[in-house]
Every structure is written in C-alpha cells, then in structure tokens.
Amino acid sequence: MHLHTTTWGSGDRIALLVHGLMADHRTWRRVGPALASRGYRVIAVDLRGHGASARAAGPEEYRPEDYADDLVENLPAGAELAVGHSLGGLALVRAVERLTPARAVYADPAWHLRRGPDGYVPELFVRGKSFSRDLVKGFNPRWSDDDLDTEMASVRVWDERSAYGLVGVTGTDMWPVRPTVPSLVTLADPSLLISADDARMLEGRGFTLRTVAGAGHTIHRDDFDGFMSALDDWI
C-alpha cells in the first residue's frame with residue numbers, strides 16, 4: 001500500500017505526523033511548519049483511504065493493523081519524533097516498536113472505542129461527508145477559515161468505507177501496556193476518548209499526560225498554541 005507524504009523543512013532531525021479519521025496531511029498545516037522552524041524535517045502521511053493515498057479493496061482492509069503496517073512500510077525508522085492524532089495515535093502505537101522513534105506524542109488517541117449507540121457508530125462519520133461548511137463550523141467554533149476549508153477538502157476525498165473497518169475493534173482492549181519509547185499523551189478538555197480513570201491508568205503504565213485546557217478532540221486545530229506549548233519541552 002503506497003502512502004502519499006508531504007514534507008516541511010530540511011533539518012537533521014525527522015518528525016513524523018499521522019492524522020486521524022476523515023482527515024489527511026493538511027490537518028497539520030500549522031504544526032508541520034512550526035516543527036520545521038525548530039529544525040525538523042517533518043513528514044506528514046496520508047493514511048490509506050485518505051488524502052492522496054491509495055484506497056483499500058474494502059472495509060475489511062481498514063483495520064488498525066493495516067494502518068500500522070502501512071506506516072512501517074512507508075515511513076523512515078528511527079525518527080526523532082512521531083505524532084499521531086486519534087486514529088493516527090492508534091496506528092502509531094501499533095507501529096512504534098518497529099518505527100523506533102526517539103519520542104512519541106499521542107494526541108487524544110483512539111485507544112478505546114466504546115460499543116453501542118453511545119459509542120463508535122461508523123454511520124455518524126459517513127454522514128459527515130455531506131455536512132455543510134456552516135454545520136462543520138458549528139461543531140468546531142474555534143477553527144479558523146483555513147482549517148474549515150482543509151477539513152471540507154479532506155472529507156470530500158476520504159473513503160468512507162474506512163469508517164466500517166473499525167467496527168471489529170469496538171469494545172475491545174486496545175490500551176498499550178507500556179510506552180515502548182518515552183511517550184506523551186495530550187488530551188482534549190474534556191476528552192471523549194480517555195476518561196479520568198483511563199488517564200490515571202495510562203499514567204500508572206508510564207505515559208506522561210497533559211491536558212490542553214478548553215480544547216476539543218482535534219487539539220492542534222482548536223488551540224494550536226496550547227498544543228505546541230504542551231509539546232515544547234517534550235520536543
């Protein structure tokens with residue numbers, strides 16, 4: 001599976017960026033240049049079924065392990081930093097032992113998807129493909145016009161079959177047992193994916209946790225400065 005990548009900067013240190021469901025590399029439009037200004041060569045990937053990357057044959061080929069294998073096959077091992085948001089955090093944590101970055105950041109990662117009508121429902125994401133720009137703005141009032149534009153463009157080219165590839169893991173234990181490399185988890189406020197009890201469990205397993213006050217799930221778009229501040233001493 002060939003994945004499309006976009007690069008910012010030409011520094012000696014490599015940073016990898018992995019987006020969430022329905023998005024693509026454009027979600028990092030501010031983070032990529034910001035890391036490049038700090039001396040990184042930043043590589044942002046489009047996961048399979050997203051952006052300009054290839055599409056899978058069907059929903060059964062959009063499993064977390066498929067995304068993880070793609071990262072290993074398409075991205076360089078031994079990066080200084082790897083960042084994964086939401087689904088990207090789930091893919092990254094399953095690939096991190098093989099990618100061996102020096103450090104990892106998981107932004108509101110999708111490490112547990114609840115089952116049932118109040119949990120993960122793929123049809124709700126598929127319905128988002130027909131949302132108007134005004135409706136998306138209503139859901140994300142803190143996003144800039146540029147972020148709204150890139151979101152609309154990303155969703156238009158997203159393969160909605162990928163939403164169904166996660167049904168098989170809903171309700172299962174996907175929590176990482178330990179951080180393979182020093183790992184920071186940044187959380188929305190409140191996080192709909194990681195409860196206070198979950199956060200305490202992750203801290204007990206050796207993860208560093210930081211909450212970006214007032215930020216929604218897509219932290220780096222809701223509060224770019226807050227997201228970068230959470231990373232500052234980490235990177």
Side-chain angles (χ1 to χ4, degrees), residues 6 8 15-38 40 42-47 50-51 67 81-93 96 101 103-114 120 125 128 136-152 154-155 158 174-176 179 182-196 198-203 207-235:
T6 296
W8 294 275
L16 309 176
L17 302 179
V18 189
H19 64 81
L21 188 68
M22 302 174 72
D24 56 39
H25 71 276
R26 288 172 285 191
T27 192
W28 304 113
R29 66 177 191 86
R30 297 184 68 187
V31 176
L35 290 175
S37 73
R38 289 162 168 78
Y40 289 92
V42 185
I43 303 172
V45 68
D46 288 351
L47 294 172
H50 297 74
Y67 293 118
L81 176 70
V83 182
H85 170 246
S86 194
L87 171 63
L90 176 59
L92 178 59
V93 82
V96 71
R103 291 191 166 215
V105 176
Y106 302 100
D108 221 28
W111 289 343
H112 180 70
L113 300 175
R114 297 191 309 276
Y120 179 78
F125 290 87
V136 175
K137 174 68 173 177
F139 288 140
N140 303 281
R142 299 177 66 178
W143 286 12
S144 69
D145 287 342
D146 286 340
D147 282 324
L148 287 166
D149 290 341
T150 57
E151 177 73 3
M152 298 301 292
S154 298
V155 172
W158 166 60
M174 297 187 291
W175 299 108
S183 299
L184 169 68
V185 178
T186 60
L187 298 178
D189 179 30
S191 172
L192 300 180
L193 293 175
I194 297 179
S195 69
D198 297 333
R200 284 189 288 271
M201 176 265 291
L202 290 171
E203 286 183 320
F207 290 87
T208 299
L209 271 68
R210 294 175 184 168
T211 297
V212 180
H217 175 58
T218 312
I219 304 170
H220 55 282
R221 283 175 159 175
D222 259 28
D223 185 354
F224 168 74
D225 292 333
F227 178 73
M228 295 305 298
S229 293
L231 269 58
D232 267 345
D233 63 331
W234 192 259
I235 61 177

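Here, residue 1 is the first one in the sequence, and each next residue gets the next number.
Applying side chain to side chain contact (heavy atoms under 4.5 Å, CB included) to Val96 and the options Pro176, Pro179, Ser183, Pro101 leaves one that passes, Pro101.
A donor-acceptor contact under 3.5 angstrom links the side chains of Ser144 and Arg29, judged on distance only. With 3.5 Å as the limit, one finds no donor-acceptor pair spanning the side chains of Asp189 and Thr211.
Qualifying side-chain hydrogen bond (donor to acceptor under 3.5 Å, both in side chains) partners for Thr218, counting only residues two or more places apart in sequence or in other chains: none. Checked against side chain to side chain contact (heavy atoms under 4.5 Å, CB included), Met174 has the following partners two or more places apart in sequence or in another chain: Leu90, Arg94, Leu113, Val169, Thr172. Residues satisfying the side chain to side chain contact (heavy atoms under 4.5 Å, CB included) test with Ser86, not counting sequence neighbours, are Ala110, Leu193, His217. Remark: Trp111 engages no residue in a side-chain hydrogen bond (donor to acceptor under 3.5 Å, both in side chains) (not counting sequence neighbours).
Residue pairs meeting the salt bridge (Lys or Arg N to Asp or Glu O under 4.0 Å) criterion with at least one partner in residues 226-235, sequence neighbours excluded, are Arg38-Asp232, Arg210-Asp233.
For the atom pair CD1 of Ile219 and OG1 of Thr186, the computed distance is 4.0 Å after rounding to the nearest 0.5 Å. Rounding to the nearest 0.5 Å places NE2 of His85 at 8.5 Å from CZ of Phe227. To the nearest 0.5 Å, atoms CZ (Arg26) and CG (Asp147) are separated by 12.0 Å.
Side-chain contact check for Val212 versus Ser229: every heavy-atom pair is 4.5 Å or farther apart. Annotation: side chain of Trp8 is not in contact with side chain of Leu35 (no heavy-atom distance under 4.5 Å). By the 4.5 Å heavy-atom criterion applied to side chains, Val83 and Trp28 are counted as neighbours. The side-chain heavy atoms of Leu184 and Arg103, taken from C-beta on, include no pair separated by under 4.5 Å. Side-chain contact check for Arg221 versus Asn140: every heavy-atom pair is 4.5 Å or farther apart. Looking only at side-chain heavy atoms (C-beta outward), Asp46 and Trp158 stay at 4.5 Å or farther from each other. Inter-residue side-chain proximity for Trp143 and Val136 is flagged as met; some heavy-atom pair is nearer than 4.5 Å.
Nearest heavy atoms, Tyr40 versus Ile235: OH-O, 3.0 Å. Contact record, Asp24 with Gly51: OD2-CA, 3.5 Å, taken as the closest heavy-atom pair. Nearest heavy-atom pair across Pro109 and Val185 is CD-CG1, 3.8 Å. Contact detail for Ala188 and Ala215: the closest heavy-atom pair is CB-O, 3.3 Å. When all heavy atoms are compared, the tightest approach of Val155 to Gly128 is CG1-O, 4.0 Å.
A salt bridge does not link Asp145 to Lys137: none of the charged nitrogens lies less than 4.0 Å from a carboxylate oxygen.
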Run the side-chain donor-acceptor check on residues 16-23: report pairs under 3.5 Å with partners two or more places apart or on a different chain.
unit_1 : atom_1 : unit_2 : atom_2 : d
His19  : ND1    : Ala23  : O      : 3.4
His19  : NE2    : Leu47  : N      : 2.9

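Counting only distance, with no hydrogens or angles, the side chain of Asp198 and the backbone of Ser195 share a donor-acceptor pair below 3.5 Å.
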